[in-house]
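Reminder, nothing fancy here: chain letters follow the sequence lines and each chain counts from 1.
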Number of protein chains: 2
Amino acid sequence: MENSISILRRCAIQPTPQRMAVVDYILKTPSHPSADEVLENVRKRCPTLSRATVYNTLNLLVEKQLIKTQILKEGLVVFDPNIQQHHHFIDEDSGQIYDVPWDTFQVPEIDSLPDYEITEVQVVVRGRKKKP
Amino acid sequence: MENSISILRRCAIQPTPQRMAVVDYILKTPSHPSADEVLENVRKRCPTLSRATVYNTLNLLVEKQLIKTQILKEGLVVFDPNIQQHHHFIDEDSGQIYDVPWDTFQVPEIDSLPDYEITEVQVVVRGRKKKP
DNA sequence: GTTCGTGCAAACGGTTTGCAACAAT
DNA sequence: ATTGTTGCAAACCGTTTGCACGAAC
């Protein structure tokens, strides 16, 4: 896998150790962490990392379209390393967010909005584990 | 249309003037207001209404399932007077949220999650007006 | 020595909570 | 008198901002 230095260079972001650590974490995780979860986890390897640097770096990565923000939880933004079109399933008990492949649903063309340019379509499914 | 007093009574909530004013507003608007928008608008008719009372009342209405919260905007919750299943279209420029009828999309049964109980499925469409 | 990035702390905005005053029964 | 409601202010939490210190060229 491409290393964090070249990823950052390609995006014209200076590869500092802090940014490399954040990139390593966020692009490797299958999860959809919040800024705080990123901070907590990356601090294990980079204990002096500050909250501001995490937000700065994540916002930079969003600008450069390496990751996406998702509005799926109340009161906090989560960051999604998967920038391909896809859907989400949210376990309402654990709060875990799972990716759902794009072709799971046949989302029809939206012809009823001729003067709008659609920028994103997403199916959001929420549920909880059955207790038998 | 049923008045706010009987609506509140039916839900076993005491119909105080403040609550009636909030109910009148939230159940009549086709919009998806935030708590602050509710406060701002209801204060026109009820100027002493406090922010805390708005939150208390809205949360009560959510509990009683008269309205629903929707996580569609960053950093704030919006309240949806339409509790039927439906989808949403969000104009990314204006921030306006529009209801999309449920049968606009054929959301297939999700058989790939046998041990999960699906509580909600929703298509979220974002777009902006074309500038010709 | 200038530029850029970091870390800390303060500020910010939406939401919740604690509490005293008050209204209704 | 008891119960429940309101309004205010403070607290809270995620996020952003301001600024001084420090590293790199």
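- Atom-to-atom, CD of A:E74 to C1' of C:dT16 comes out at 13 Å; the value is rounded to the nearest Å.
- Rounded to whole angstrom, the span from the CD atom of A:E40 across to the P atom of D:dC13 amounts to 15 Å.
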Seminar exercise, completed: For nucleotides 5-15 of chain C, 5' to 3', base contacts (B), sugar-phosphate-only contacts (S) and non-contacts (-) with protein non-hydrogen atoms under 4.0 Å give SSBB-----SB
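- B:T53 is linked by a side chain to side chain donor-acceptor pair (under 3.5 Å) to B:S50, counting only residues two or more places apart in sequence or in another chain.
- Judged as a salt bridge (charged side-chain N to carboxylate O under 4.0 Å, His left out), the pairs with a partner in residues 1-21 of chain A (not counting sequence neighbours) are, in order, A:E2-A:R10.
- Environment of NZ in A:K131: sparse, with no more than 12 heavy atoms of neighbouring residues, nucleotides or ligands closer than 6.0 Å.
- Under the side chain to side chain donor-acceptor pair (under 3.5 Å) criterion, A:D99 pairs with A:H32, A:N82, A:H86, A:H88, not counting sequence neighbours.
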Seminar exercise, completed: With sugar-phosphate taken as primed atoms, P, OP1 and OP2 and all else as base, the protein-contact string of nucleotides 19-25 of chain D at under 4.0 Å (heavy atoms; B, S, -) is -------
When the side chains of residues 39-47 of chain A are checked against the rest of the protein, which donor-acceptor pairs come out under 3.5 Å, sequence neighbours left out?
from	atom 1	to	atom 2	distance (Å)
A:N41	OD1	A:K44	NZ	3.1
A:N41	ND2	A:Y25	OH	3.2
A:N41	ND2	A:E37	O	2.7
A:R43	NE	A:L49	O	2.7
A:R43	NH2	A:L49	O	2.9

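- Scored by the side chain to side chain contact (heavy atoms under 4.5 Å, CB included) test, B:D103 finds B:P101 as partners (sequence neighbours excluded).
- Rounded to whole Å, atom C1' of D:dC13 lies 14 Å from atom CG of A:L39.
- Sorted by first and then second residue, the salt bridge (charged side-chain N to carboxylate O under 4.0 Å, His left out) pairs with a member in residues 68-96 of chain A read A:K68-A:E120, A:E92-A:R128, A:D93-A:R128; sequence neighbours excluded.
- What separates CG of B:L60 from P of C:dT16 is a distance of 12 Å, to the nearest Å.
- In the helix from C:dG1-D:dC25 to C:dT25-D:dA1, the end axes, each obtained as the rotation axis mapping the C1' atoms of four pairs onto the next four within a five-pair block, lie 0° apart to the nearest 10 degrees.
- In this structure, B:Y55 has no ring-ring contact (aromatic ring centres under 6.0 Å, His included) partners at least two apart in sequence or on a different chain.
- Shown here are the ring-ring contact (aromatic ring centres under 6.0 Å, His included) partners of A:Y116, two or more places apart in sequence or in another chain: B:F89.
- Not a single side chain to side chain donor-acceptor pair (under 3.5 Å) links A:N59 to another residue, sequence neighbours left out.
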